[in-house]
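Computed over heavy atoms, backbone and side chain alike; hydrogens, waters and symmetry mates excluded.
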Amino acid sequence: MTFYETQISRIQKSCYSNEMQIATVIATRSFIDDNFNTDLNLDVLSHIQFVSKYHLLRLFKKYYGLTPRQYLMDKRIEKSKENLANGMTVTETCFAVGFESLGSFSTLFKTKTGKSPSAFQKQQLSRSKLSSEYGILEKD
């Protein structure tokens with residue numbers, strides 16, 4: 001390679017590198033993981049990462065296959081399953097994971113899991129009771 005080809009290659013790597021994009025997306029996901037129970041929206045996330053909200057939306061979707069909002073909802077549902085399985089009431093769980101309305105929480109939970117939060121909790125509690133009584137190891 002000539003000197004100029006080497007310099008062009010070096011400049012291309014520094015200008016067109018996607019390392020910053022990856023770092024931005026990872027930091028955004030980490031922020032959502034740590035703050036899923038607060039009121040998060042695209043404006044807040046883009047402000048924290050110092051990028052355009054539309055650019056952040058495209059990057060997140062590109063690397064994770066979900067929008068930040070979809071990822072946030074999935075994270076909240078995942079955490080609510082844990083809370084319900086550990087005996088927290090449906091209302092406590094709803095507000096603990098960041099939902100503002102019990103109705104929207106129940107609707108989304110049923111859409112994602114196929115069961116209402118109370119039905120899911122009853123199933124989990126009966127499973128744990130059976131497994132503790134009979135020493136059965138369960139797999140999800």
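- In terms of heavy-atom proximity, K112 sits nearest to D74 at NZ-OD1, 2.9 Å.
- For A119, the side chain to side chain contact (heavy atoms under 4.5 Å, CB included) partners are K115, S116, not counting sequence neighbours.
- Side-chain contact check for P117 versus T93: every heavy-atom pair is 4.5 Å or farther apart.
- L125 and F109 are not part of a single hydrophobic cluster, where members link through side-chain heavy atoms under 4.5 Å apart.
- For K110, the salt bridge (charged side-chain N to carboxylate O under 4.0 Å, His left out) test picks out no residue, with sequence neighbours left out.
- Residues forming a side-chain hydrogen bond (donor to acceptor under 3.5 Å, both in side chains) with K53 (at least two apart in sequence, or on another chain): D43.
- Residues forming a side chain to side chain contact (heavy atoms under 4.5 Å, CB included) with D33 (at least two apart in sequence, or on another chain): R29, Y71, K75.
- Shown here are the salt bridge (charged side-chain N to carboxylate O under 4.0 Å, His left out) partners of E92, two or more places apart in sequence or in another chain: there are none.
- Between atom CG of residue L108 and atom SG of residue C94 there is a gap of 10.5 Å, rounded to the nearest 0.5 Å.
- Rounding to the nearest 0.5 Å places CZ of F31 at 6.5 Å from CG of L45.
- Taking CZ of R76 as the reference point, atom CD1 of I32 lies at 9.5 Å (rounded to 0.5 Å).
- For Y54, the side chain to side chain contact (heavy atoms under 4.5 Å, CB included) partners at least two apart in sequence or on another chain are S52, R58.
- By the rule that hydrophobic residues join a cluster once side-chain heavy atoms approach within less than 4.5 Å of another member, L84 and M88 end up as members of separate clusters.
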Less than 3.5 Å apart, which donor and acceptor atoms pair up between the side chains of residues 96-104 and the rest of the protein, not counting sequence neighbours?
| residue | atom | partner | partner atom | Å |
| --- | --- | --- | --- | --- |
| S101 | OG | G103 | N | 3.3 |
| S101 | OG | S104 | N | 3.3 |
| S104 | OG | S101 | O | 3.0 |

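- Once rounded to the nearest 0.5 Å, the distance linking CG of N35 with CG of D39 reads 11.5 Å.
- Y64 meets the ring pair (Phe, Tyr, Trp, His ring centres under 6.0 Å) test with F60; sequence neighbours excluded.
- Residues satisfying the side-chain hydrogen bond (donor to acceptor under 3.5 Å, both in side chains) test with N41, not counting sequence neighbours, are none.
- For Q49, the side chain to side chain contact (heavy atoms under 4.5 Å, CB included) criterion is met by T24, A27, T28, V51, not counting sequence neighbours.
- The structure places CZ of F95 at 13.5 Å from CG of N37, a figure rounded to the nearest 0.5 Å.
- The distance from the NZ atom of K62 to the CG atom of L57 is 13.5 Å, given to the nearest 0.5 Å.
- Listed by first then second residue, pairs satisfying side chain to side chain donor-acceptor pair (under 3.5 Å) with a partner in residues 77-88 read K79-E82, not counting sequence neighbours.
- By the side-chain hydrogen bond (donor to acceptor under 3.5 Å, both in side chains) test, T67 pairs with Q70, sequence neighbours left out.
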